[in-house]
Number of protein chains: 2
Amino acid sequence: MSTSVDLVYEQVRQMAANFEFKPAERINESELSKQLGASRTPLREAMNRLTAEGLLVFEPGRGFFCQPLTPELVVHLYEVREALETAAIRAAVERAGDDDIAAIRQFLSDTAERYADGTPTKEIVRLDEEFHLMIAGLSGNPELVNMIKLTYERIRYVRWIAMRERIDITHSAHLHIFEALENRDAQAAEDRMRTHIKTHNAEATEIVGKAYSNLYVPQH
Amino acid sequence: MSTSVDLVYEQVRQMAANFEFKPAERINESELSKQLGASRTPLREAMNRLTAEGLLVFEPGRGFFCQPLTPELVVHLYEVREALETAAIRAAVERAGDDDIAAIRQFLSDTAERYADGTPTKEIVRLDEEFHLMIAGLSGNPELVNMIKLTYERIRYVRWIAMRERIDITHSAHLHIFEALENRDAQAAEDRMRTHIKTHNAEATEIVGKAYSNLYVPQH
DNA sequence: CCCGGACAAGCTGTATACAATTCCGCATCC
DNA sequence: GGATGCGGAATTGTATACAGCTTGTCCGGG
């Protein structure tokens with residue numbers, strides 16, 4: 001059947017991940033549905049899914065809101081990332097085939113020159129996510145991968161800001177993690193992944209804390 | 001405003017967690033909505049949320065289905081549990097107050113005598129989940145707790161079956177985990193939690209593997 | 001000047017109607 | 001006998017209408 005609802009879903013999903021909605025303001029269903037060229041019914045279905053995924057917040061009788069972006073939330077989501085991704089890389093060390101590992105090495109060398117100052121931050125974040133998801137995929141556990149993906153979407157906006165000052169060292173950190181995987185050293189891989197994420201957590205949280213008021217300035 | 005949609009949501013959620021729907025058969029929206037005394041609109045909203053939570057599966061143009069219950073899924077979800085709960089207890093050791101720990105000791109002694117052969121399996125599973133969620137709560141990370149809760153709901157049905165033969169040792173295992181927490185021994189707590197979940201994983205997976213065909217026998 | 005209540009406008013929650021699609025049984029053909 | 005195509009019934013996808021709640025404003029009282 002037609003994919004109108006999925007189209008709406010993807011659009012609203014992106015809008016939510018990009019924080020195109022003002023926090024603490026209800027999302028006007030009629031207006032948004034007109035804007036997206038659909039009626040309220042499929043829009044509400046999409047927003048219900050996004051609520052379950054944590055990208056939106058729902059208050060009965062009041063409507064849907066963008067998830068509030070607080071330093072606490074960022075800390076919590078990074079902790080979740082840490083738990084999931086350390087488990088994932090541990091499984092990856094055990095289960096990955098040599099060809100899978102070769103593919104990641106290829107990816108790293110292919111993209112090495114793009115980790116430069118000229119590259120847009122969003123592009124860097126995209127590459128970063130892709131690398132992490134490749135590793136997570138080697139765990140062979142799609143549930144794990146899904147949860148990691150979801151967590152990414154909820155903090156992507158922060159990462160666009162936080163990544164600005166970290167472009168240069170991201171690639172070398174990834175290489176460092178990858179080498180432990182390549183050497184089939186589960187402990188080192190896990191430790192390096194944990195350190196990597198903890199570092200980003202500290203930075204992202206600091207930035208959100210500092211920019212807390214700025215982030216909430218109306219964006220229209 | 002009225003909470004009709006939330007009522008429907010809770011009911012369908014329970015039905016899905018209890019596997020009252022036949023797998024591989026589409027859920028008839030009109031029929032179910034009549035049965036629940038609501039119209040299709042709030043029912044579909046509820047089912048969309050449950051789809052995002054992983055309790056239902058949605059195929060465009062065909063409708064909603066119960067999540068398929070396979071040995072692979074059970075393994076994957078238990079791995080997720082392991083990742084999340086080991087992280088949670090590690091955080092709990094660091095952050096829990098002495099009074100929080102006392103509350104858990106109280107809970108364990110209060111419920112000790114109910115871990116007996118006469119108690120219904122569902123009740124045991126409920127107590128088990130409550131214990132684990134109390135510990136997870138001490139992590140101070142609501143996102144972590146939410147994900148753990150969700151994972152529970154997706155494997156609860158299996159646990160009802162798998163728990164039958166494990167009633168006696170569950171309580172002592174919990175005590176063992178708790179003591180490491182009480183001693184503020186993060187490593188021991190994490191290790192014991194991991195072992196605990198791995199054991200259950202192996203058992204549950206085995207049971208699903210054995211009962212695979214039986215579970216899918218039409219239940220009408 | 002501030003607070004409180006009532007009214008009005010707007011928005012959300014739900015039911016229902018209809019269009020589009022899928023599904024299933026049956027007949028037909030190879 | 002098995003595959004294929006067709007048509008009607010059933011089911012899903014979406015729009016729309018309306019009821020009930022929420023919210024903001026305005027007016028009156030303290």
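Between B:Lys210 and B:Glu206 there is a salt bridge, since a side-chain N of the basic residue sits under 4.0 Å from a carboxylate O of the acidic one.
With sequence neighbours excluded, the residues forming a ring pair (Phe, Tyr, Trp, His ring centres under 6.0 Å) with B:His171 are B:Tyr115, listed by chain and number. Applying the side-chain hydrogen bond (donor to acceptor under 3.5 Å, both in side chains) rule to A:Arg194 yields the partners A:Glu82, A:Glu190; only residues at least two apart in sequence or on another chain are considered. Partners of A:Val74 by side chain to side chain contact (heavy atoms under 4.5 Å, CB included), not counting sequence neighbours, listed by chain and number: A:Leu69, A:Tyr78, A:Val158, A:Ala204, A:Thr205, A:Val208.
Straight-line distance from the CZ atom of A:Phe65 to the P atom of C:dT12: 9 Å, rounded to whole Å. Residue B:Glu25 contributes atom CD, which lies 14 Å from atom C1' of D:dA10 at whole-angstrom precision. The nearest whole Å value for the distance from the CD1 atom in B:Ile27 to the P atom in D:dT12 is 10 Å. Separating the CG atom of B:Asn48 from the C1' atom of D:dT12 is a distance of 12 Å, rounded to the nearest angstrom. A straight line from CG of B:Asp6 to P of C:dG13 spans 9 Å, rounded to a whole angstrom. Following rounding to the nearest Å, A:Phe58 (CZ) and D:dT22 (P) show an atom-to-atom distance of 12 Å. Spacing between atom CD of B:Glu59 and atom C1' of D:dT11 amounts to 14 Å, rounded to whole angstrom units.
Contacts of B:Arg40 with the nucleic acid, taken as non-hydrogen atoms under 4.0 Å apart, include base atoms. Among the protein residues, A:Leu43 comes within range of no part of the nucleic acid, since none of its heavy atoms lies under 4.0 Å from any strand. At the heavy-atom level, B:Phe64 lies nowhere under 4.0 Å from the strands shown.
Put simply, B:Thr41 has no side-chain N or O that comes within less than 4.0 Å of OP1 or OP2 on C:dT14. Contact between the side-chain N/O atoms of A:Arg62 and the OP1/OP2 oxygens of D:dT23 is found at a separation under 4.0 Å. Contact annotation: B:Arg44 side-chain N/O to D:dT12 OP1/OP2 distance is not under 4.0 Å.
Residue pairs meeting the salt bridge (Lys or Arg N to Asp or Glu O under 4.0 Å) criterion with at least one partner in residues 133-149 of chain A, sequence neighbours excluded, are A:Glu143-B:Arg154. Residue pairs meeting the salt bridge (Lys or Arg N to Asp or Glu O under 4.0 Å) criterion with at least one partner in residues 125-141 of chain B, sequence neighbours excluded, are B:Glu123-B:Arg126, B:Arg126-B:Glu130, B:Asp128-B:Arg159, B:Glu129-B:Arg156.
Residues from residues 28-36 of chain B placing a heavy atom under 4.0 Å of any atom in DNA chain D, listed by number, are B:Asn28, B:Glu29.
Nearest-nucleotide assignment on DNA chain C puts the 5′-proximal partner with B:Ser39, out of B:Ser39 and B:Arg26.
Judged by the 6.0 Å distance and 45° axis criteria, B:Arg49 is positioned over the aromatic ring of B:Tyr9.
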